[in-house]
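Beneath this line is the structure, given in structure tokens, with notes to follow.
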Protein chains: 2
Amino acid sequence: MTEEILNKKEVRITPMRQLLLEFFLEKNKVLGLSELEKAFPKSDRVTIYRTLKTFEEKGIVHGISNGTTEMKYALCHDCQVANHSDFHPHFSCLKCEELSCLESIFIPSIDLPGGYSFEKVEMTIQGVCPKCQ
Amino acid sequence: MTEEILNKKEVRITPMRQLLLEFFLEKNKVLGLSELEKAFPKSDRVTIYRTLKTFEEKGIVHGISNGTTEMKYALCHDCQVANHSDFHPHFSCLKCEELSCLESIFIPSIDLPGGYSFEKVEMTIQGVCPKCQ
DNA sequence: TAATAATTGCAATTGTGTTGCACTTGTTTT
DNA sequence: AAAACAAGTGCAACACAATTGCAATTATTA
């Protein structure tokens, strides 16, 4: 499974990359470097960092910046090659601080004023998630 | 002008606050701490930082997290007291890297799945701005 | 197998956000 | 107006995330 994805995205297969991708697939959550560090205590922080960068570049994950100081990453689902962002909004819970994908919703399209060209859009909704209600 | 705003928002008038607010009004741009540091080399970084925090708290500016690692701030226009975020999307230019407010557009409302409560929403469109076309 | 390129681990640096505390400045009370 | 108090500022220091350099290792290709 992970090998297929890595192959398709033209990313060389290495243990670290398989581990990380597997973890993303398994958790199906939005994750930051600090969480991944804890999940893989034996792995080097910088290697995880660079693996994330590689994944981002190759369209395996995409970065999400919620209000915090740490960059988060989620698996790409409906990402376009030319347009490397998901079409769904993200939800940031004010209680548990978890960030999640609202995959059932499409980001509505926007009529940009003249002169602006569109590449991608990011939408983050803040509130309280079902678990924390 | 700046004095009126500060008074209305119940923020004490100090030179730093006037300077910073004036700068925001004049530039009418989204600004980060690093830019403000450069703009006011004689002022202390922490003072600017705390002034931003005060402005944010009092509803004079609101924070915007675009893809970068640095928090940006823009003057509030249509911010609500109970819901301290603008209702317009932001535009992040991939060439000049400037962030701006698309004040003419409203963020479309979203039907959240059951169990989620809504507090606020942020929407950032990436592309190329008119100046960089 | 030799040569080459990609990946990793470690050390170190930079950048951004944040706090503590002493000092100054402004505001209020007597 | 002076004393008491509260708010704002400047400096030092710290916390943490992001990033780079480089040598060592591992994989790929000629």
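A, B, ... follow the sequence lines: proteins, then strands. Residue 1 opens every chain. Keep in mind the model is a prediction, meaning the values are calculated, not measured.
The heavy-atom pair separating A:Pro113 from B:Ser104 by the smallest distance is CG-OG, 4.0 Å. Here the closest heavy-atom approach between residue B:Leu21 and residue B:Leu75 is recorded as CD1-CD2, 3.8 Å.
One interatomic measurement links the two molecules: CG of B:Leu52 to C1' of D:dG8, which rounds to 15 Å at whole-angstrom precision. In this structure, CG of B:Leu36 is placed 14 Å from P of D:dT9, rounded to the nearest angstrom. Distance, B:Glu10 CD to D:dG8 P: 13 Å, rounded to whole Å. Straight-line distance from the CD1 atom of A:Ile48 to the C1' atom of C:dT7: 14 Å, rounded to whole Å. Across the protein-nucleic acid pair, A:Gln18 atom CD and D:dT26 atom P stand 17 Å apart, rounded to whole Å. Between the NZ atom of A:Lys72 and the C1' atom of D:dA18 there is a distance of 15 Å, rounded to whole Å. Rounding to whole angstrom units, CZ of residue A:Phe40 and P of C:dT8 are separated by 13 Å. Separating the CD1 atom of B:Ile13 from the P atom of C:dT25 is a distance of 18 Å, rounded to the nearest angstrom.
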Show me, pair by pair, the donor-acceptor contacts under 3.5 angstrom made by side chains of residues 23-37 of chain B, not counting sequence neighbours?
unit_1	atom_1	unit_2	atom_2	d
B:Lys29	NZ	B:Glu98	OE2	3.3
B:Ser34	OG	B:Glu70	OE1	3.2
B:Ser34	OG	B:Glu70	OE2	2.9
B:Glu35	OE2	B:Gly32	N	2.9

Which atom pairs, donor and acceptor, lie under 3.5 Å between side-chain atoms of residues 4-15 of chain A and protein residues at least two apart or in another chain?
unit_1	atom_1	unit_2	atom_2	d
A:Asn7	ND2	A:Glu3	O	3.3
A:Lys9	NZ	A:Gly59	O	3.2
A:Thr14	OG1	A:Arg17	N	3.3

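B:Leu112 and A:Ile64 sit in two unconnected hydrophobic clusters of ILVMFWY residues. Membership requires side-chain heavy atoms under 4.5 Å apart, directly or through other members. Transitive grouping of hydrophobic side chains (ILVMFWY, heavy atoms separated by less than 4.5 Å) brings B:Ile60 and B:Tyr49 into a common cluster. A continuous path of Ile, Leu, Val, Met, Phe, Trp and Tyr side chains, each step under 4.5 Å between heavy atoms, connects A:Ile107 with B:Ile125, placing both in one hydrophobic cluster.
The side chain of A:Arg12 places no N or O atom within less than 4.0 Å of a non-bridging phosphate oxygen (OP1 or OP2) of D:dA27. Between D:dT19 and A:Tyr49, a contact under 4.0 Å exists linking OP1 or OP2 to a side-chain N or O.
Using a 4.0 Å heavy-atom criterion, one finds that A:Lys53 contacts the sugar-phosphate atoms exclusively.
With sequence neighbours excluded, the residues satisfying side chain to side chain donor-acceptor pair (under 3.5 Å) with B:Thr68 are B:Asn66.
Close placement of the A:Tyr116 and B:Phe91 rings is indicated, their centers lying within 6.0 Å of each other.
The A:Met71 side chain lies nearest to D:dA18 when the options are C:dT18, C:dT7, D:dA18. Checking C:dG17, D:dG8, C:dA6 against the side-chain heavy atoms of B:Leu33 singles out C:dG17 as nearest. The side chain of B:Glu70 sits closest to C:dT16 out of D:dA17, C:dT16, D:dT9.
Side-chain contacts under 4.5 Å among hydrophobic residues (ILVMFWY), followed directly or transitively, place B:Val128 with no other residue at all.
Heavy-atom distances under 4.0 Å link DNA chain D to no residue of residues 92-99 of chain B.
For the pair B:Tyr73 and A:Val11, nearest-nucleotide mapping onto DNA chain C gives the more 5' position to A:Val11.
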Below 3.5 Å between N/O atoms, which protein atoms pair up with nucleotides 10-12 of chain D? Just atom names and distances, please.
unit_1	atom_1	unit_2	atom_2	d
D:dG10	OP2	B:Thr47	OG1	2.9
D:dG10	O6	B:Arg50	NH2	2.5

